[in-house]
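Below, chains carry the letters A, B, ... as their sequence lines are ordered, and counting in each starts from 1.
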Amino acid sequence: MAELSGNDAFIDTDKLIFGIGQVQQITGVSGRQLRYWEEQGYIQSLNQKKGAAREYSLHTLFFIFHVTRFLDDGFTLQSAVDKAKQFDRQLPVLRQFLREQLHGVDFQDDRSILDFGYVDSSHTQRIYGIVKNGETSFEIKNVE
DNA sequence: TTTCTGACA
DNA sequence: TGTCAGAA
């Protein structure tokens, strides 16, 4: 039985690795830049062996993608990296919150309803997240 | 063929 | 940063 590290995901994302060529195709960042970014300590590749072909984790691939987004927004490389790091920090928290508080999703005619369960321990109100016409909102309903 | 390092414009 | 050379 394969062992899943990190989280309880069905796919062991730690085993999803990409070569520098793949990262170039996916993110649009040149190999020259990737090597430079690594040299500057902005990103990290898996095998730090000298002369060996670089490999990047899925996490790093995401990180690089986010950096390019902030770069496109006009940030300097340094601040784009900082922004990407901040974004990275949010992911575990967002995952945990959704995993524990999102009880289900209902699809109705014109809208989707996310069930976030009871508002508090009195169990008198339930809170829902609404997605309708590309807009989102909350709704609280009494459940006597 | 692809990637690596180092170097130059 | 792009690109080129010479070596894995």
> Separation of Y56(A) atom OH from dC4(B) atom P, in whole Å?
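From Y56(A) OH to dC4(B) P: 7 Å.
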> Can you tell me the distance, in whole Å, between the CD atom of E39(A) and the P atom of dA7(B)?
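It is 12 Å, rounded to the nearest whole Å.
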> Expressed in angstrom and rounded to an integer, what is the separation of I20(A) atom CD1 from dT3(B) atom C1'?
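In whole Å, dT3(B) C1' and I20(A) CD1 are 7 Å from each other.
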> L46(A) has an atom CG; how far is it from atom P of dC4(B), in whole Å?
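My rounded result for the distance is 13 Å.
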> Please report, rounded to the nearest Å, how far the C1' atom of dC4(B) is from the CD atom of E55(A).
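Atom CD in E55(A) sits about 14 Å away from atom C1' in dC4(B).
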> Please check the phosphate of dC4(B) (OP1 and OP2 only) for any side-chain N or O of R35(A) closer than 4.0 Å.
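So the side chain of R35(A) is within the cut-off, an N or O lying under 4.0 Å from OP1 or OP2 of dC4(B).
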> Grab the NZ-P distance between K49(A) and dA8(C) for me, whole Å please.
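These atoms are roughly 18 Å apart.
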> Roughly, in whole Å, what's the span from CD in Q24(A) to P in dT1(C)?
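It works out to 13 Å between those atoms.
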> Rounded to the nearest 0.5 Å, how far does CZ of F138(A) lie from CG of L114(A)?
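The CZ atom of F138(A) is 8.5 Å from CG of L114(A), to the nearest 0.5 Å.
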> Just by modelled atom types, is the Q22(A) backbone N or O under 3.5 Å from a matching donor or acceptor in the Q25(A) side chain?
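Flag not set: sc Q25(A) to bb Q22(A) has no pair under 3.5 Å.
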> Does one hydrophobic cluster hold both F70(A) and Y42(A), with members joined at side-chain heavy-atom distances below 4.5 Å?
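Different clusters: F70(A) never reaches Y42(A) through Ile, Leu, Val, Met, Phe, Trp or Tyr contacts under 4.5 Å.
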> If you assign R32(A) and A52(A) each to the DNA chain B nucleotide with the nearest heavy atom, which residue ends up on the more 5' nucleotide?
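It is A52(A) whose nearest nucleotide is closer to the 5' end.
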> Tell me who clusters with I17(A), hydrophobic residues only, linked when side chains sit under 4.5 Å apart either directly or through other members.
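Grouped by the 4.5 Å side-chain rule, L46(A) form the rest of the cluster around I17(A).
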> Report the distance from atom OH of Y36(A) to atom C1' of dA7(B), rounded to the nearest whole Å.
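About 16 Å, once rounded to whole Å.
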